[in-house]
Amino acid sequence: MLGSLSLALAAKGGAAVPAGRLSFSGSLKQGSLVVGHASPGAQVSVNGAPVLVSKAGVFAFGFEYNQVKPSIVEARFADDARETRELTPLPRKYEIQRISGLPEQQAHPTEPAIVARIARENQLIVDARKRDTPGEAFAQGFDWPVPGIVSGLFGSQRILNGVASTPHFGVDIAAPEGTPIHAPADGTVTLAEPDFYLTGGTTVLDHGHGVFTLYIHQSALKVAVGQTVKRAEVIGLVGKKGRATGPHLHWALNWFQVKLDPSLSTRTAAPPKA
Ligand SMILES: [Zn+2]
């Protein structure tokens, strides 16, 4: 526990934390993307599963939003030396957010055709987050994809039309309809769908090493699947399609299927003002 606490405190200043030949940067809280650094040529596993390590020694993993157990990182270096680290995320408290006035078939869909469509579309989003590719732009931190006001936080317990729902696994940024959305880092488009039932215009970007970002409720898409994008390039426009009470961008971050808080990996604490 002390080990992870001092790691997190040191990481707050933005510097990587040296310790042996493995180090970690990031806020190291529940829901954080963790950027690992190992000496080049190392093989690394997280909780027993091998992860991709770049030529420079960069790798990634994430802490679940409610994780209390440590993540176990094991490295085997080019000279056969080994190092094991246990990282326990700092605990967080999440807020409760009530949203009312949603159409009932959006808040709590029951019609079989709608339920089936949502399941099919969710599976496409899951599938878009399975690749494990090179690219380490995520290690430099993300830019906020749109200017505006943060109107919904990651991890909030959602009460939709008075009924407890799943937590909110993204950050909402309120911005006028049509505001351009910019890629927060270099990436490749793995999903670009103009009209999903709950999520409207939906895009997934692959930033490498299992790090993916998601953009939903868009009114228009500006990229196609397979396209590579550069940091700051326009990928779509803010909208209110799907389950949304007003125009905003719901921005999400994943390490494969682990849901992470993008606001813990941005270069600045808040988005630029509109
Ligand atoms: Zn949202």
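For ligands, and for the atoms within them, numbers begin at 1 and follow the listed sequence.
- Taking the six-membered ring for Trp, Phe61 and Phe63 have ring centres closer than 6.0 Å.
- The Zn ion (ligand 1) lies closest to atom OD1 when only the N/O/S atoms of Asp172 are considered.
- Here the shortest heavy-atom pairing between Pro109 and Ile114 reads CB-CG2, 3.8 Å.
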Query - Check against salt bridge (charged side-chain N to carboxylate O under 4.0 Å, His left out), Arg85 and Glu83 - result: CA-CA 7 Å; Arg85 301 283 294 277; Glu83 186 173 331; 3.6 Å; yes
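- In summary, His168 places an N/O/S atom under 2.8 Å from the Zn ion (ligand 1), meeting the contact criterion.
- His250 contributes atom ND1 as its closest N/O/S atom to the Zn ion (ligand 1).
- Panel note: side chain His182, backbone Ala232; a donor-acceptor pair is recorded below 3.5 Å.
- In summary, His248 places no N/O/S atom under 2.8 Å from the Zn ion (ligand 1), failing the contact criterion.
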